[in-house]
There are 2 protein chains.
Amino acid sequence: MSTEGPPGVHPAWLPSRATQPLGSRRTLVHGTGTLVDTVRREVAAAGAPETGEPALVLTLTSEDAAASWHVGEVGALGDEGYAIGRRDGVTVVLADRPAGLLYGFFHVVRRGEAAFTGEWPLARHVPAMPRRMLDHWDNVDTHPVTGQVERGYSGGSIFWRDGALRDLDRVRAYARLLAATGVNAIAVNNVNVHATEARLLTDRLGEVAAIAEAVRPYGIRVHLSVSFAAPVTLGGLPTADPLDEGVRAWWARTSQRVYEAIPDFGGYVVKADSEGQPGPFGYGRSHADGANALADALAPFGGVVHWRAFVYDHRQDWRDRSTDRARAAYDHFAPLDGQFRDNAILQVKHGPMDFQTREPVSPVVAAMPRTKVAVELQVTQEYTGQQRHAVYLGPMWSEILRFPLAEGADVAALARELVAVSSVGDDPFWTGHPLAQANLYAFGRLAWDPALDPLSILDEWIDLTLGPEVDRAALHAMLDESWRTYESYTAPLGVGFMVRPGHHYGPDVDGYEYTAWGTYHFADRDGVGVDRTRATGTGFTGQYPAPWSEVYESVERCPDELLLFFHHVPYGHVLHSGSTVIQHIYDTHFAGAERAVETRRLWERLDGQVAPDLFARVRERLDEQVRSAAEWRDQINTYFFRKSGVPDAKGRPIH
Amino acid sequence: MSTEGPPGVHPAWLPSRATQPLGSRRTLVHGTGTLVDTVRREVAAAGAPETGEPALVLTLTSEDAAASWHVGEVGALGDEGYAIGRRDGVTVVLADRPAGLLYGFFHVVRRGEAAFTGEWPLARHVPAMPRRMLDHWDNVDTHPVTGQVERGYSGGSIFWRDGALRDLDRVRAYARLLAATGVNAIAVNNVNVHATEARLLTDRLGEVAAIAEAVRPYGIRVHLSVSFAAPVTLGGLPTADPLDEGVRAWWARTSQRVYEAIPDFGGYVVKADSEGQPGPFGYGRSHADGANALADALAPFGGVVHWRAFVYDHRQDWRDRSTDRARAAYDHFAPLDGQFRDNAILQVKHGPMDFQTREPVSPVVAAMPRTKVAVELQVTQEYTGQQRHAVYLGPMWSEILRFPLAEGADVAALARELVAVSSVGDDPFWTGHPLAQANLYAFGRLAWDPALDPLSILDEWIDLTLGPEVDRAALHAMLDESWRTYESYTAPLGVGFMVRPGHHYGPDVDGYEYTAWGTYHFADRDGVGVDRTRATGTGFTGQYPAPWSEVYESVERCPDELLLFFHHVPYGHVLHSGSTVIQHIYDTHFAGAERAVETRRLWERLDGQVAPDLFARVRERLDEQVRSAAEWRDQINTYFFRKSGVPDAKGRPIH
């Protein structure tokens, strides 16, 4: 095992430097099991000496070596938890199960030299979410328009190339990186399951098994996106009706064969009745019927089905102002609460629309107390700059996870799992934009502990990846507010979209305004925004529990940043900030584009502090960000000036 | 030779019925030469008896048989002209050269039974343009986004499939159809010359020779689109500088080899310094230098170069209102008048922009009296409904050709050639929409005689293609005004574009408004249109000769249909029609979409009168036209209502 990973590939947050503090100290590892062996190999690869006084002990609580560490004080650590403390010059990691030992090991790596200084009592670390999962939207084949990785901005798939499985060295390195963040599950293929990829469930199952074998040593289980129509398209049955006995038997047989090949297989991911994918509606069945059919097939083997709630009418008539895509997931799924099997997990996008830069939290998350809900984030920056803009999403996700959606419960407490769309491809830097690695890192860390400060997570990533000596202040100045900066120069006040149709990069204010996709801003010469109130609009506000149902309903109480998501207001409407809507648009767009320039300037301070290829790649992306931000600024400002006729109060150039 | 053409392919305007009047009459053909032999084969294929009194005589004027027909009366007929008359129960076609005999033969076919009734004196028919040419934008390979035929709406290429030359039976049938309209030249490949297609000039020349052989019996010469960079990309030279001796020698050698393979090769078509194609600007040379280099290489063999004037900045800054794409061709080329070789033909799009439904005539056509100018039309309906809308373009082209651009000279008189982008693919109906065949037919007929009435040409096409018994009134009601109908529900008053970027189908009012393509409408809350006046705008009006320079300059005198092409006016501006601009937009869009419905209704009258597959295909296209026209209506009306705030005076629904 090389600690640097495959040649030509950036080591991300696990360069050999990161394990150097281990290299000069003797470490003892006590326990048995695959993941304990992984820890042993990690220790050996770090170059730890095999003699001398031990400075670090990693032990299962069942081992004799654990006896002296007051294990009882920390309580049960579960499948993945660990405790870590330091006494008498020895750092100890305790875990009930091997996975905990692995996560504890990476905790030590994250702490660096600090893991070996001072004395501190045992502290308990258990993950907030039992499953922390990344969904890859990878295809085996390359699509002529969308490429190989749908919404991928980091090159091709790390799993497949030229229609065949790749050498998996890189996948092993990927698994190691993920384990260091706490991720424990991946779905390997696109939720839009095309013909070739459908066969991963059957005659190409060996490829999935090979990936599972590659990632297993890092505690990661493999899931597979499947087509709801598979009984027809693969099984040759006349129907995929989830209540049909033949269909159920087909799923049972098929799943049994999957588990024969992959005993720790995670389960299925399904996008059904969504954007053209087949689903239970085609057979007059409910989505609970659909999900349960697959859940029943997986249950004997401990598998789960992730059933996406992203169901809406993508052939909407833009003339029809009463239909509201934001309502769709709640309208479809809330009535089904209590009908899903225990191993059926409803996977809900964090907002009611589609991974926009700013959305309210989806009301579905609070609406289904008897259903296991996974909240889905998007690490790949489809709508947040496509890894050409430096946008650190930790603060956004933190805000979502901490949002007090229900009485006494924030999103992190309501969600049973956290899932995200991966941003990884075969790009040398993994994520296209090297700084976008921080998002992948932060996702895993927040999924483990949603209470973490996203800026501290960013610090961790900087320390591990770029080293403690780089100009940390410059990086914080670039990234801490970068999500809000991106928001400031793109679609204003929560209204969303305004992107070029299809590829979703760059501005096109009316790009989706007259389409079937349900994503409108309704700007006219008098005002802008979507009236989603109960009083006069689509009634979407009524899907929220109190107080949000009232806060969002009220144009006075609605937070500025979501105003146009919930209300259609005149350009002269005065925000809580004291600015009018139109002047806010101008001000934020001028300021945001200016901050992009400042961000580029700050990066120059890192010249010579980071590897030249990384420096150059970031510089190239920042040039594009500056160009693109100016384009956003000018298109949005000009669009609204032409519509409103209101000049900028500060007399800046609007074309 | 089957008169019906290849199996499974619609015979278009040459079904066996069209030659039936010849089948019952003895015909004599006098003369020698390839094209005379073609006429003989046509006569035989029609089933004409070989005995009895001759009813038709086709003879070269040099033959003894011509002596009794007062040849002297009709004067010289040239390479392609013919005279036709009828006396004493015999119809005669006279021609000086074999090609004339072939065109005279098809004249007889067009006349049908009427060619054999009554008596009429010899009338002379010579083409107005010596070259009547169709440009195919076909690729050998299939492009992942644009397909095989760029801007093609009729399936794949008739020349190539799967990267190789096809069986050429269909190409032979195509040549016959073209000859019947008067077309005498085709360019076989896309003006955007990709890597594979570039090699048609060199190691794949045999494919061009095979096509030339297939079309030669119908008097059609083959031209080839070439890349200006060919000396570098194919010849391995360090430069393509047109003044470089090595480059000139390369073109000379290459052209000589072409003529060795294809003695009647027509010449080259070049799109240079245009939308990313290489050109002389890259070497600091003028377009005359570029064109002349190729012309010199072709001159020894009688070939010509068609040099496209479609040169403009496709990376324009939309913020910059002073740059005007409409000016570009004139600004680039007018100063070069007199510098082009005799065998260099400047190929100018009919309007200053890009084949829009309504544009003024390009001022370049009148600006270069010492240059041979070819006017380029677009038979493929890129911007006129993409063969999903029934749009008969004959009236548009006729209006262009008859437009009195210069003192005492209309466009037909100023142009030395007529060229058009072909609409033909391997679709069974040739043109996707069966009624779009009429455009292909009309192009050839107007290129031969621009004075022809386009509605009479439509009659010819109906007679030949659908037979004299179909409901001609219904077809005329569908097609006579169809171009103006299409105009009425799309971009208003000459402003152009407003199409979806990329594929150019369907409405997107702002689709190109903030792009680099130079195609803007500048609509704001007060008004719309492009100020191209000398007084306050881009000065484009100054490129026109009197009186147009004054007519277009004046907002009062400018024709309504071009108002927004030349002027930015308030929505309340009153047109010559008495309507305001905004009410005109509403009225024409409601009426246009209604006419689309009426067009569909009219087609039902043809049920049972035409072949079922043709009937069904047209019906399917009309359904789409109705849907699309309603979409155009609603998007345009809503867009302008939201911007202007002016309600429809008639209270119709605007969303």
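Just so it is clear: chains get the letters A, B, ... in the order the sequence lines come, proteins before strands, and each one is counted from 1. As a basis for the values below, the full set of heavy atoms in this structure was taken, side chains included, without hydrogen atoms, waters or symmetry mates.
Looking only at side-chain heavy atoms (C-beta outward), Arg642(A) and Arg525(B) stay at 4.5 Å or farther from each other.
Scored by the ring-ring contact (aromatic ring centres under 6.0 Å, His included) test, His389(A) finds Tyr486(A), Tyr489(A), Tyr505(A) as partners (sequence neighbours excluded). Applying the ring-ring contact (aromatic ring centres under 6.0 Å, His included) test to Tyr383(A) and every residue at least two apart in sequence or in another chain returns Phe497(A), His504(A).
Residues of residues 318-328 of chain A placed with any heavy atom under 4.5 Å of a heavy atom in chain B are listed by number as Trp318(A), Arg319(A), Arg321(A). Heavy-atom neighbours of chain B within the stretch residues 514-523 of chain A, taken at a separation under 4.5 angstrom, comprise Tyr514(A), Thr515(A), Phe522(A), Ala523(A).
The neighbour count for Arg315(B) CZ, taken as heavy atoms of other residues, nucleotides or ligands under 6.0 Å away, does not exceed 12. Around the CZ atom of Arg500(A), the shell of radius 6.0 Å holds more than 12 heavy atoms that belong to other residues, nucleotides or ligands.
For a residue to count as touching a neighbouring chain, one of its non-hydrogen atoms must lie under 4.5 Å from one of that chain's; by this rule Pro507(B) does not touch chain A. Neither the backbone nor the side chain of Pro653(A) comes within contact range of chain B; no heavy atoms are under 4.5 Å apart. When heavy atoms are compared at a cutoff of 4.5 Å, Thr638(B) approaches chain A by way of both its backbone and its side chain. Both the backbone and the side chain of Glu631(B) come within contact range of chain A, each with at least one heavy atom under 4.5 Å from a heavy atom of that chain.
Of the listed residues Asp508(B), Asp510(B), Asp526(B), the one with more heavy-atom pairs under 4.5 angstrom with chain A than any other is Asp510(B).
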